Amino acid sequence: DAGVTQSPTHLIKTRGQHVTLRCSPISGHKSVSWYQQVLGQGPQFIFQYYEKEERGRGNFPDRFSARQFPNYSSELNVNALLLGDSALYLCASSLGQPRAHSPLHFGNGTRLTVT
Amino acid sequence: EDQVTQSPEALRLQEGESSSLNCSYTVSGLRGLFWYRQDPGKGPEFLFTLYSAGEEKEKERLKATLTKKESFLHITAPKPEDSATYLCAVQALETDKLIFGTGTRLQVFP
């Protein structure tokens, strides 16, 4: 069975540019979440989407935005990139509705480097 | 504020030398505590969910336990392939987001 897939795997961008990261959840999973993991730290919550609606947002600036499509795949967009945005961006999907007992399953992430 | 603290930051074990990893947490109503394993360059791999104090779960050489303030991940007779970073996360009742600790980096030497 295919797990959570993310693309691209690696990306190098320049300060001020814009980036779009993509995620396909596990088949049957309707909830998608995005996390940012800086080297040496645990993942930090950015967004959660369920049935194409935003259900949660972490403490990130408005330069970060996301959306979920009818097929439950998702995009994370980051505008006006800063050096501090360099990180591993993780997408996770889960089976259940919000507030349900359903673990998150993570993809292998997109490594973003901002120069 | 919901918070997770993991200790130690790093742990070096000889193959077969059992040990425990600690995860202390504060959360406004616990819905679940999660353990993940993360290999370099990979995403976290789900291991266990614990929901209430006193609960225990096992998988091969790993056993996770939960109290009202902390969780332990016990590793029995570890092998070099158990080397990874182990992440603990909590999920509060009123939200779906996971709050992660910074992880314990485990190295097992033959």
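Since the model is a prediction, treat every value here as computed from it, not as a measurement. Numbered from 1 within each chain, the chains take letters A, B, ... in sequence-line order.
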For this session: Please work out which of the three classes, parallel, tilted or perpendicular, describes the rings of A/F47 and A/Y49, given edges at 30° and 60°.
Result: tilted
Exercise. Side chain, backbone, both or neither: which part of A/Y35 has a heavy atom under 4.5 Å from chain B?
Worked result: side chain
For this session: State whether A/D85 and A/K13 are salt-bridged, where the test is any N-O pair (Lys NZ or Arg NE/NH1/NH2 against Asp/Glu carboxylate O) under 4.0 Å.
Result: no
For this session: Using a cut-off of under 4.5 Å on heavy-atom pairs, state which of B/L98, B/V4, B/T49 scores highest against chain A.
Result: B/L98
Exercise. Given the rule that I, L, V, M, F, W and Y join up when any side-chain heavy atoms are under 4.5 Å apart, are B/L47 and B/L21 in one cluster?
Worked result: yes
Problem set entry | Lys/Arg-Asp/Glu bridge criterion (N-O < 4.0 Å) met for B/E56, B/K63 | yes
Problem set entry | Segment of B/Q6 engaging chain A (4.5 angstrom heavy-atom cut-off) | neither
For this session: Tell me, for A/Q37 versus chain B, whether the close heavy atoms (under 4.5 Å) come from the side chain, the backbone, both or neither.
Result: side chain
Seminar exercise, completed: Ordered numerically, the heavy-atom neighbours of chain B under 4.5 Å found in residues 104-115 of chain A are A/L104, A/H105, A/F106, A/G107, A/N108
For this session: Write out all pairs satisfying salt bridge (charged side-chain N to carboxylate O under 4.0 Å, His left out) with one or both partners inside residues 66-84 of chain B, taking only residues at least two apart or from two chains.
Result: B/R61-B/D82
Exercise. Do the side chains of A/V19 and A/L76 join up, straight or via other hydrophobic residues, at under 4.5 Å, putting them in one cluster?
Worked result: yes
Exercise. Given the rule in the side-chain hydrogen bond (donor to acceptor under 3.5 Å, both in side chains) test, do B/S28 and B/E94 qualify, once you have shown the distances and angles that lead to the verdict?
Worked result: CA-CA 9 Å; B/S28 53; B/E94 73 278 4; 3.3 Å; yes
Exercise. Is it the side chain or the backbone of B/L87 that comes within 4.5 Å of chain A heavy atoms, both, or neither?
Worked result: side chain
Problem set entry | Electrostatic pair A/E53-A/R55, nearest N-O below 4.0 angstrom | no
